[in-house]
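Just so it is clear: chains get the letters A, B, ... in the order the sequence lines come, proteins before strands, and each one is counted from 1.
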Amino acid sequence: MFEIQKYNPDSSARTGILHTDHGIIQTPVFMPVGTAGTVKGVQQRDLKHDINAGIILGNTYHLYLRPGMDILRQAEGLHGFMNWDRAILTDSGGYQVFSLSDNRKLTEEGALFRSHIDGSSHKFTPESVVDLQRVIGADIIMAFDECTPYPCDYAYAKSSMDMTHRWLDRGIKRFKQGESMYGHRQQFFPIVQGSVYGDLRRQSAEYIAERDMPGNAIGGLSVGEPAEMMYEMIAVVNDILPDAKPRYLMGVGTPVNILEAIDLGVDMFDCVMPTRNGRNGMLFTADGIINIKNLKWADDFSPIDINTPSDVSSYYSKAYLRHLVMSGEILGAQIASIHNLAFYLWLVNEARGHIEKGDFRSWKEKMVVALAQRL
RNA sequence: GGGGAGAUACCAAAGUGGCCAACUGGGGCAGACUGUAAAUCUGCUGUCGUAUGACUUCGUAGGUUCGAAUCCUGCUCUCCCCA
């Protein structure tokens, strides 16, 4: 269930509230990615109290391979297993169809995977992926799709999109036949595809909108295409997807990408960037990007970032964090991950505040310039 | 005092007449990373702003040779064994 709270007067940006049985989520929202049942490097305690994440991601493919469904069932799902009482969204494994393309084979029936862990063979179908996500028990579960690569020729993009649509209907059917295993409600989101082709995107958005599910996702973007192309596709799609339902832009993105997409009417985001890039020494701040490994920070004893409201951001110095990252110390990856996630959450909350105030557009224009700076 | 081994770039360590400005690690410098097979990957790392180019290098001083990090001689230093 989703309620719009406020529209920004001069853009498609809006604020809303998404209801789940594990709490309400104010949108726009950023969802930290916790693929394997862990937001890498960050404890649940810090995710809650320092970062204040209301919802995190898990991944069906990875959890299915390890620890496996039997363990998750015994643990009463992923919530019980990782002791996380707020909301969870699971990706279906559609992204792995893309990222593990060397290890899989697609058919109308579904996808045959070779496990990246032990090489064993596994089959995912639109139906089985619903069943797996029942066991995992996420509040929001995703349809099984093919995330097409970029570049992707028109013919392939079209046939892939059509198959994703057929897969969607099979998934919805399975979803409606079954029920949640642990007593809380689950919502099923379909995914728009169509690569970078406006007419395909339009077609896909129409198809998905007709399914009338509680929320809609936009997939297959930020896979290497220019940002402008991505924005164009988002605009096309959002024009068709119903206003009254949350729109989830999968896998995006940079702080700038997120503000631009909010401007276009997107409500939900997830991305590995704050955690992965954080582990690799990139820090995001409201003034721009810091590569903490750069020599110039070696003797900078000022706080990492006094603007970002997390304990670590103002407690530790840049020089110290650089030392930790350069030395390969685990704490460096942890601090950087917490800081970046807190920054992403701060950014979308700030966006929310400005939408409510009605000056989102002008605030965004200023931020987009600042955020892209290299410090 | 006697015998033996060795000195290579920031460190470690290959190379033992031309394919050597010198393998490979590490370190350092920089870059990449977008629904996570990533605490990962890529580039550079003697000097000359770039170079299929020039110049200076393999403890040190000489020598042999068309050509030496590689062979010979002296010197300096280090390590090991025996007294």
statement: Per-nt protein contacts along nucleotides 33-38 of chain B (heavy atom under 4.0 Å; B base, S backbone sugar-phosphate only, - none) come out as BBBBBB

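- Between A:W297 atom CH2 and B:rG28 atom P the separation is 19 Å, expressed in whole Å.
- Summarising the base pairing, B:rG1 is matched to B:rC82 through a Watson-Crick or G-U wobble pair whose two defining distances lie under 3.5 Å.
- A parallel orientation is assigned to the rings of A:Y316 and A:Y320, their planes being inclined by less than 30° (bins at 30° and 60°).
- Pair assignment for B:rG53 gives B:rC48, based on Watson-Crick or G-U wobble hydrogen-bonding distances that are each under 3.5 Å.
- Across all strands shown, the partner of B:rU73 is B:rA61, judged by Watson-Crick or G-U wobble contacts whose two distances both fall under 3.5 Å.
- For the salt bridge (charged side-chain N to carboxylate O under 4.0 Å, His left out) condition, no pair includes a residue of residues 308-336 of chain A, sequence neighbours left out.
- B:rG28 and B:rG46 have their C1' atoms separated by 15 Å, given to the nearest Å.
- Atom P of nucleotide B:rA30 and atom CD1 of A:I289 are separated by 16 Å, given to the nearest angstrom.
- Note that the OG1 atom of A:T254 and the CG atom of A:N277 stand 10.5 Å from one another [nearest 0.5 Å].
- At whole-Å resolution of the value, CE in A:M326 and C1' in B:rU40 are 15 Å apart.
- Checking A:K173, A:R170, A:Q177 one by one against A:E127, the side chain to side chain donor-acceptor pair (under 3.5 Å) holds for a single residue, A:R170.
- In this structure, B:rA30 forms a base pair with B:rU42, meeting either the Watson-Crick or the G-U wobble geometry with both donor-acceptor distances under 3.5 Å.
- Straight-line distance between the C1' atoms of B:rU57 and B:rC48: roughly 15 Å, to the nearest whole Å.
- B:rC58 and B:rA69 have their C1' atoms separated by 4 Å, given to the nearest Å.
- Across the protein-nucleic acid pair, A:K293 atom NZ and B:rG28 atom C1' stand 12 Å apart, rounded to whole Å.
- Counting any heavy atom pair closer than 4.0 Å across all strands shown, A:M31 reaches no nucleic acid atom.
- Screening A:T20, A:D139, A:I141 for a side chain to side chain contact (heavy atoms under 4.5 Å, CB included) with A:Q187, the sole residue that qualifies is A:T20.
- For B:rU52 and B:rC44, the P atoms lie 12 Å apart once the distance is rounded to whole Å.
- Under the 6.0 Å cut-off for aromatic ring centres, A:H79 and A:Y182 do not qualify, their centroids lying 6.0 Å or more apart.
- The nearest whole Å value for the distance from the CD1 atom in A:I330 to the P atom in B:rA39 is 11 Å.
- B:rA14 and B:rG63 have their C1' atoms separated by 28 Å, with the value rounded to a whole Å.
- Comparing the P positions of B:rC72 and B:rC80 gives a spacing of 26 Å, expressed to the nearest Å.
- Whole-Å rounding puts the A:L321 CG to B:rA39 P distance at 17 Å.
- Using N1 to N3 plus N6-O4 or O6-N4 for Watson-Crick, or N1-O2 and O6-N3 for G-U wobble, each under 3.5 Å, B:rA68 pairs with nothing.
- The residue among A:L295 and A:A333 whose nearest nucleotide of RNA chain B lies closer to the 5′ end is A:L295.
- Expressed to the nearest 0.5 Å, how far CD1 of A:I136 lies from CE of A:M181 amounts to 10.5 Å.
- Nucleotides B:rU64 and B:rG17 place their C1' atoms 12 Å apart, quoted to the nearest Å.
- A centroid separation of 6.0 Å or more is found between the aromatic rings of A:Y95 and A:H62.
- Look at the C1' atom in both B:rU24 and B:rU45: the space between them is 15 Å, to the nearest Å.
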